[in-house]
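What follows is a single structure, written as structure tokens, with notes after it.
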Amino acid sequence: MSARLTQAFFAREVEIVARDLLGRHLVRDRGTPDEVVLRITETEAYGGPEDTASHCRAGRTARNAPMWGPPGHAYVYVCYGLHQMLNLVTGEEGRGQAVLIRSCELVSGGEIVRARRRMDRDAPALLAGPGKVGAALALDRSFSGASLFDEGALEAHEGTPIVDRDVLVGPRVGVDYANARDRAAKKRFAIAGSRWVTHANSLRRARSR
DNA sequence: TGAGCGATTAAA
DNA sequence: TTAATCGCTCAT
């Protein structure tokens, strides 16, 4: 088990953190029989009142309050009434930034995840899509605002960072309500070649060689 | 107090 | 292409 990511890691600009979170690990219930470890494979950056795709676009509300808080905390909200979406708050306190965790690859705890998702025992845990990540980690709104630095429930670990040539970028998914600039903004990041990525056809190499 | 909708997913 | 499903936001 690698070391925990620090608050300084999360305190940087949201696009930087979103890209750097690829290859990092999310750990649920560390050290218990229910421990689950996921490797982050796809992320999206949302940030500040100037981003018309962000939940913070209209300022502070009861729901998005954690996004305005200190970095390294979770922001969890319900989408379409049934999906628990996990975000990790970034930037200095007050910026209103967070990274949406869109997809992960199972590292360990497959039995736990399969039981939660009621999947066939022999089927691979396909965690492509933010709703599936929330389900695999058994998250609910009580996690919104929780610190990643407290012992236990939800932690973020160093894992193995991804080199630039293996990073894909593209527009964010499901933000048609935003203005043209924010709809087109390449704020989605994914690991090249990973099976655990959504909408792969709209992703391109971040850096050509 | 309530209408409208959403950073989605699975099934038809 | 569409149903599922309900908390949040904002307009009465």
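The sequence lines fix the lettering, A, B, ..., with proteins before strands; numbering per chain opens at 1.
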Item to check | d(CZ, A:Arg141; P, C:dT9) in whole Å | outcome: 11 Å

Checklist entry - Side chains of A:Asp34 and A:Thr32: donor-acceptor distance under 3.5 Å anywhere? => result no

Next on the checklist: Would A:Tyr46 count as stacking on B:dA7 if stacking means ring centres less than 5.5 angstrom apart and planes tilted under 30 degrees?
Outcome noted: yes

Item to check | Other residues, nucleotides, ligands: >12 heavy atoms within 6.0 Å of A:Leu82 CG | outcome: yes

Checklist outcome for this item: In whole angstroms, the gap separating P of B:dC5 from CG of A:Leu82 amounts to 18 Å

Next on the checklist: Would the base of C:dA4 count as contacting A:Tyr80 through its side chain, where contact means a donor and an acceptor less than 3.5 Å apart?
Outcome noted: no

Next on the checklist: Taking only side-chain N and O atoms of A:Arg63, does any of them lie within less than 4.0 angstrom of OP1 or OP2 on C:dT9?
Outcome noted: yes

Next on the checklist: I want to check one thing: is the phosphate of B:dT8, taken as OP1 and OP2, less than 4.0 Å away from some side-chain N or O of A:Arg102?
Outcome noted: yes

Checklist entry - Using purine N1 to pyrimidine N3 plus N6-O4 or O6-N4 for Watson-Crick, or N1-O2 and O6-N3 for G-U wobble, each under 3.5 Å, what pairs with B:dC5? => result C:dG7

Checklist entry - How long is the span from the NZ atom in A:Lys132 to the OG1 atom in A:Thr198, to the nearest 0.5 Å? => result 9.5 Å

Next on the checklist: For a quick check under 3.5 Å, do A:Glu92 and A:Gln97 share a side-chain donor-acceptor pair by atom type?
Outcome noted: no

Checklist entry - Does any donor-acceptor pair link the side chain of A:His55 with the base of B:dA7 at a separation under 3.5 Å? => result yes

